Each structure stands twice: as C-alpha cells, then as structure tokens.
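Take a look at the structure set out below.
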Amino acid sequence: MSSTYGHNLKVTLFGESHGAGVGCVIDGFPAGFRPDMDAVRAFMARRAPGSAPGSTARREADAPEILSGIFDGHTTGSPIAALIRNGDQRSSDYASLAAVPRPAHADYALSVKTGGANDIRGGGHSSGRLTAGLCFAGALAMQHLAAKGIIVASRIVSIGGRDISGETDPSGLDAAAKETIEAARREGDSVGGIVECSVSGMPAGYGAPIFDGVENRVAAIVFGIPAVKGVEFGSGFAGSAMRGSENNDAFFHDVDGAIRTRTNHHGGILGGVTSGMPIVFRAAIKPTPSIARPQASVDLRTGKDCELVVKGRHDACIVPRARPVVEAAAAIAVLDILLDPPPVE
Ligand SMILES: Cc1cc2nc3c(=O)[nH]c(=O)nc-3n(C[C@H](O)[C@H](O)[C@H](O)COP(=O)(O)O)c2cc1C
C-alpha cells in the first residue's frame, strides 16, 4: 500500500483521522521558493472542519508544523515535511465500527485487505482528514505555479443533482444549494455534488500519449481524494453525445500569433499532451457516507445482518470542503508535469 503520488514532485500523505496527526512529505519541490505561509494557512482553512455550510462539528486548527525543507523563509530543495496534529478526536464514537462497517465508507473493504489490522477510528488512513496534508502540499504547488503565471481555480457546479454553475457567491453555494444541504442534514441524510477545476496559463507540449498523459496523471491524484467517484475532462461524458463538428475545437492564431482554439471541449489536453488552452476537469463527489439515519449493515463478529447507527460528527455535504482539495490535487499534478523535460524547441 503506497500513499505517494508523483514522478518529479513526490507527495506522500501520512496519518490517521484519530491518531496523533496527519501530514505530508514533499520530495522534489524546487529550491529557493519563498512560500507565503499566511496564504498557505488561509488555503488550508477553506478545507478545515467547520469551514462551510453543512460542515462537521469537529473542530481542528489545521495548523501545519514544518519539520524540514523550508529554511530562512525559502525551500531548500530537500524533502519538505509538514505535520498537522489532531486535536479534537473522539475515538469512542468509532468503537462499534470495528465490527459493523459503515455502508459506503472504507471500513469493510480495508479491513478485508489488511486482515483487520487497519486503524478503524474515523476511517483511519482513508479519512477525509488526510486531505489536510494534500492541501498543504497543494498550497505550495499553487503558489509556485502562480509565480509562473499558471492559475488554478474552481467552482461548484452542482449540489444534490441541482445545477448551480451560474452561482457567483464566493462560498460557491446559492441559497437553494444551502437549503438542499440543510434539508439533508435535518433528515439525517447527506448530498454530493460536482466541482469543476481549471488550470490556465499551462504551456502547450507537456504530458505524453497513452499511459502517462495529463488526464492520467490528474485523474490519478483526484481519485486519491476520498469520495471522488468520477472525473471528466473538457466536454467529458456530454461530449460523447455531440457530433464531431460540434465537439471539435477549431484552431486559430490569436492577436499575438499564438495557436489557440475557439472552444475548449478538449479541456486543454489533446492526446495526453497540453494544448495551451486551460486544463478543465470535473470531479463528482458522492454524498457523505456517514449519515445519522439507521442503516443496514453486517456484524462481522456475529456473522449476522444488523442495523447501524453512526455516531460521530460528519458533514451533510463535503463538497464545499472538497473544493480546495480538488484545487490542491490539480496544482500538485500540474507542477509534477511541469517538472518533466520541456517540449522540444
Ligand atoms: C474533505 C473531506 C471530508 C470528508 N468527511 C467525511 C465525513 O465526515 N464522514 C464520512 O463518512 N466521510 C467523509 N469523507 C468521505 C470518506 O472519507 C470517503 O467516502 C471514504 O473514505 C470512502 O472512500 P470512497 O468514497 O472514495 O470510496 C470526506 C471526504 C473529504 C474529501
């Protein structure tokens, strides 16, 4: 089992939801970069528990302690290690889960894989809490990209099956979406949604055909985010219903003579290689598995079917908190790709 991503920029996530802490080790980050640590903390706060409507009541400061790799305000080129200590654990909430797995969570599958040796508390290493370390690494990557004119941005385009792509509120949620989440919470239930992410300013010619393409590398890290169950690029699944004449993006020279496309159904990637247009993808996030209603499960001790009532504190909708995580994942993937050998001049 490996929790390491990347070819050039290797990001390892460690920790468990209810252990001493979570964090990351970033190997291969370019030397001499001066991160804005206030901006790193502000970015991590967007993901932290309690940051969004419908969010869990668990409180965590999510303050990263930098153990190595940043000296005198700049990156040294050696591995950067960051630890985010856990504070607000309530492991007793999970005592019963060791024997009765939560439907849609990792409890059952991981206990089979490990012969029951996994840390069950709060989802252990499979918990959404692991994304705090991903956000730390992503915040550094995003700042490094921004210094090169490459900007990562995102928006929530749907909540509970309802299109909110026209929404401009900074929270990313309109009043109806907030009510959809609240209604789910009141009913002891949860809802999912879709985050769209774009990376603009990425030069053309990066990536590779077939197995090592930009889609492959972005999808690999985005699928590493717990609860992501679908990723599509450009026109994605909808593109399969279009005609070629509609889906093809016509080339033209812009005012500076650069080759661009009039539309971006290809999502900035042609044959696994960047085209110079923004990389655009969408991540489908499922409803939070842990819901307050009683659910059918199985008791692994008795070998009988049973009813499970999940305790603990859970988001009725994790999409607003997952949004910065998607940005972080995109930034890490794109910086990793940018550290490949440059295109032939
Ligand atoms: C930021 C974030 C927070 C999450 N919080 C919770 C939570 O409070 N309760 C829960 O059951 N799942 C939560 N999840 C989702 C589970 O971790 C995830 O569904 C589970 O590990 C199973 O993995 P899978 O859905 O990818 O198959 C969260 C995910 C993210 C990204």
Side-chain angles (χ1 to χ4, degrees), residues 1 3 13 15-18 22 24 43-60 62 84 86 88-91 93-94 96-97 100-114 118-139 154 156 172 181 184-185 188-195 197 219-231 283-293 295 297 308-330 332:
M1 282 198 282
S3 295
L13 299 186
E16 286 84 24
S17 178
H18 291 236
V22 296
C24 65
F43 182 75
M44 292 178 71
R46 288 174 56 203
R47 188 223 69 92
S51 60
S55 185
T56 166
R58 180 172 174 174
R59 292 287 170 268
E60 291 288 0
D62 273 11
I84 302 138
N86 292 331
D88 191 11
Q89 307 111 302
R90 273 195 216 158
S91 303
D93 287 344
Y94 297 93
S96 61
L97 294 182
V100 183
R102 284 172 292 174
H105 215 292
D107 310 333
Y108 169 68
L110 200 56
S111 79
V112 174
K113 179 174 175 62
T114 62
N118 57 312
D119 180 347
I120 197 81
R121 301 165 301 163
H125 188 64
S126 303
S127 163
R129 178 131 187 85
L130 268 286
T131 60
L134 194 71
C135 280
F136 176 84
S154 75
I156 298 170
I181 296 170
R185 173 201 295 293
D189 218 330
S190 62
V191 286
I194 300 174
V195 174
C197 186
I221 190 165
V222 175
F223 274 124
I225 302 171
V228 169
K229 287 293 178 182
V231 178
I285 294 157
K286 75 186 193 185
T288 321
S290 301
I291 55 176
R293 304 184 169 190
Q295 300 177 79
S297 187
L308 171 70
V309 178
V310 176
K311 294 191 193 132
R313 297 148 292 169
H314 302 279
D315 291 344
C317 180
I318 57 177
V319 177
R321 291 182 56 213
R323 182 179 164 197
V325 184
V326 171
E327 292 172 22
I332 293 165

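The chain is numbered in sequence order, starting from 1. Every value quoted in this text rests on a predicted model; they were computed, and no experiment measured them. We count ligands from 1, going down the list as the structure has it; atoms in each ligand are counted the same way.
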Sub-4.0 Å heavy-atom approach of G123 to ligand 1: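 G123 does not count as a contact of ligand 1 under the 4.0 Å cut-off.
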As an exercise, state the distance from CG of D119 to CD of E16, rounded to the nearest 0.5 Å. 5.0 Å
Apply side chain to side chain contact (heavy atoms under 4.5 Å, CB included) to the pair L308 and R102, showing each step before the final yes or no. CA-CA 8 Å; L308 171 70; R102 284 172 292 174; 3.9 Å; yes
For atom 10 (C) of ligand 1, state which one of T288, L110, V326, V325 supplies the nearest heavy atom.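 The nearest heavy atom belongs to T288.
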Closest heavy-atom contact between I291 and G188?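 Reported closest heavy-atom pair: CB-O, 3.4 Å.
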Using a 3.5 Å distance criterion without hydrogens, assess whether the side chain of [X] forms a donor-acceptor pair with backbone atoms of [Y].
X	Y	value
H125	G15	yes
K113	M1	no
S127	S17	no
R185	A316	no

With a cut-off of 4.0 Å, which atoms of ligand 1 are near a heavy atom of [X]?
X	value
G128	2 (C), 3 (C), 4 (C), 17 (O), 28 (C), 29 (C), 30 (C)
D315	8 (O)
I225	31 (C)
A104	22 (C)
P289	10 (C), 11 (O), 12 (N), 19 (O)

Would [X] count as being in polar contact with ligand 1, using the rule that some N or O on each side must be under 3.5 angstrom apart?
X	answer
R47	no
K229	yes
R321	no
S127	no
A227	yes

Give the contacting part of R129 toward ligand 1: side chain, backbone, both or neither, where contact means a heavy-atom distance below 4.0 Å.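 Under 4.0 Å from ligand 1, R129 contributes no heavy atoms.
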Could you go through the side chain to side chain contact (heavy atoms under 4.5 Å, CB included) check for R129 and R47 one step at a time? CA-CA 9 Å; R129 178 131 187 85; R47 188 223 69 92; 3.5 Å; yes
Candidate list L13, I84, I225, V325, test side-chain contact (heavy atoms from CB on, under 4.5 Å), partner L130, passing option: L13
